[in-house]
Amino acid sequence: FRMFPLRSFSLSKYHTAFRYLLFYTLYILSVAGCRDDDICVEVPTPSVRVDFKKIETNEDGIHTDTTLTLFSLQGVDSDSILLSRESTSELLLSLRVLSSDTRYAMSVGRIDTVQESPTILLDTTYIADTLNMAYTVSEEYVSKACGYRSVFREMRATVTRNAIDSIQVLNWEITNDVETHILLYY
């Protein structure tokens, strides 16, 4: 006599439940392991900002900005012309990452200083100057998405003095291209 009769025991229903439990566990673990993609929104390697100033000062003793017509701006040891016949009062120049120096050749028209405000004579020969920049390159970690960027330290700059009167280096470290790094006086 049995009080509790044995019922037929079915493994198939437990096997199906185990498969669903395993599937949902793996799904939850894979979704929980996902993260948002990192997107690099920063400009990694800065450029050198060069501003042009008049050598003459105003009545307050301040050198004022000047706009020059560059007839050509070309990297020395490069075939490509970066600017051609463009009026500008500032430049953003890239520096070589795999070298410790960069040179740019700039050509402007002859400056007529007889008039009250200096003007460039378009019908005369061009005056060429070379801007030489020497620096040390170091790598700086930005983020996982951006990786590393190059920054330039201990910058020294010289220039030939054909059309350019003098040069002043304002920032020795180039970590952004918002600040002015070099002033060229014409």
Side-chain angles (χ1 to χ4, degrees), residues 38-111 113 117-120 126-186:
D38 291 335
I39 298 173
C40 182
V41 294
E42 298 177 31
V43 177
T45 301
S47 298
V48 175
R49 181 177 291 277
V50 179
D51 286 353
F52 301 118
K53 298 278 187 182
K54 291 181 183 178
I55 191 63
E56 298 89 17
T57 58
N58 61 14
E59 59 274 353
D60 297 328
I62 298 173
H63 296 280
T64 57
D65 291 339
T66 187
T67 300
L68 291 178
T69 301
L70 289 174
F71 288 99
S72 70
L73 175 68
Q74 180 176 357
V76 175
D77 302 329
S78 173
D79 291 339
S80 60
I81 294 177
L82 304 174
L83 289 176
S84 180
R85 209 168 173 111
E86 183 171 323
S87 294
T88 184
S89 62
E90 64 183 22
L91 291 174
L92 282 175
L93 301 175
S94 299
L95 296 176
R96 294 181 185 178
V97 178
L98 300 176
S99 178
S100 62
D101 68 324
T102 302
R103 297 183 321 168
Y104 283 97
M106 298 180 282
S107 296
V108 296
R110 184 170 58 86
I111 298 175
T113 56
S117 62
T119 58
I120 297 174
Y126 305 128
I127 303 171
D129 277 305
T130 302
L131 175 63
N132 300 308
M133 295 171 284
Y135 45 83
T136 57
V137 181
S138 60
E139 299 290 321
E140 186 177 87
Y141 181 75
V142 177
S143 68
K144 182 179 177 181
C146 296
Y148 289 87
R149 74 177 189 148
S150 297
V151 292
F152 307 98
R153 305 192 191 288
E154 303 172 11
M155 188 183 65
R156 299 162 310 281
T158 60
V159 68
T160 57
R161 295 180 184 219
N162 298 322
I164 299 172
D165 183 74
S166 58
I167 184 171
Q168 181 182 7
V169 177
L170 298 177
N171 291 317
W172 303 98
E173 292 189 0
I174 294 108
T175 57
N176 64 52
D177 42 18
V178 176
E179 302 171 348
T180 299
H181 302 102
I182 296 175
L183 291 177
L184 293 178
Y185 295 97
Y186 279 86

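Judged as a side-chain hydrogen bond (donor to acceptor under 3.5 Å, both in side chains), and not counting sequence neighbours, Thr136 has no contacts. Remark: Ser150 engages Glu139 in a side-chain hydrogen bond (donor to acceptor under 3.5 Å, both in side chains) (not counting sequence neighbours). Remark: Ser143 engages no residue in a side-chain hydrogen bond (donor to acceptor under 3.5 Å, both in side chains) (not counting sequence neighbours). Evaluation of the salt bridge (Lys or Arg N to Asp or Glu O under 4.0 Å) rule for Arg96 yields no partner, not counting sequence neighbours. For Glu154, there are no side-chain hydrogen bond (donor to acceptor under 3.5 Å, both in side chains) partners at least two apart in sequence or on another chain. Applying the side-chain contact (heavy atoms from CB on, under 4.5 Å) criterion to Asp165, with sequence neighbours excluded, gives Ile55.
The side-chain heavy atoms of Ile167 and Leu131, taken from C-beta on, include a pair separated by under 4.5 Å. Looking at Leu93 and Leu73, their side chains come closer than 4.5 Å, going by heavy atoms from C-beta outward.
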Report, one line per pair, each donor and acceptor closer than 3.5 Å where one atom sits in a side chain of residues 178-185; sequence neighbours left out.
{"unit_1": "Glu179", "atom_1": "OE1", "unit_2": "Asn171", "atom_2": "ND2", "d": "3.2"}
{"unit_1": "Thr180", "atom_1": "OG1", "unit_2": "Asp51", "atom_2": "OD2", "d": "2.8"}
{"unit_1": "His181", "atom_1": "ND1", "unit_2": "Arg49", "atom_2": "N", "d": "3.0"}
{"unit_1": "His181", "atom_1": "ND1", "unit_2": "Glu179", "atom_2": "O", "d": "3.4"}
{"unit_1": "His181", "atom_1": "NE2", "unit_2": "Asn176", "atom_2": "O", "d": "3.2"}
{"unit_1": "Tyr185", "atom_1": "OH", "unit_2": "Gln168", "atom_2": "OE1", "d": "2.8"}

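Legend: disulfide (SG to SG under 2.5 Å) pairs involving residues 148-183, not counting sequence neighbours: none detected. Judged as a disulfide (SG to SG under 2.5 Å), the pairs with a partner in residues 134-186 (not counting sequence neighbours) are, in order, Cys40-Cys146. Pairs of residues two or more places apart, or lying in two chains, that qualify as ring pair (Phe, Tyr, Trp, His ring centres under 6.0 Å) and include a residue from residues 143-169 are Tyr135-Phe152, Tyr141-Tyr148.
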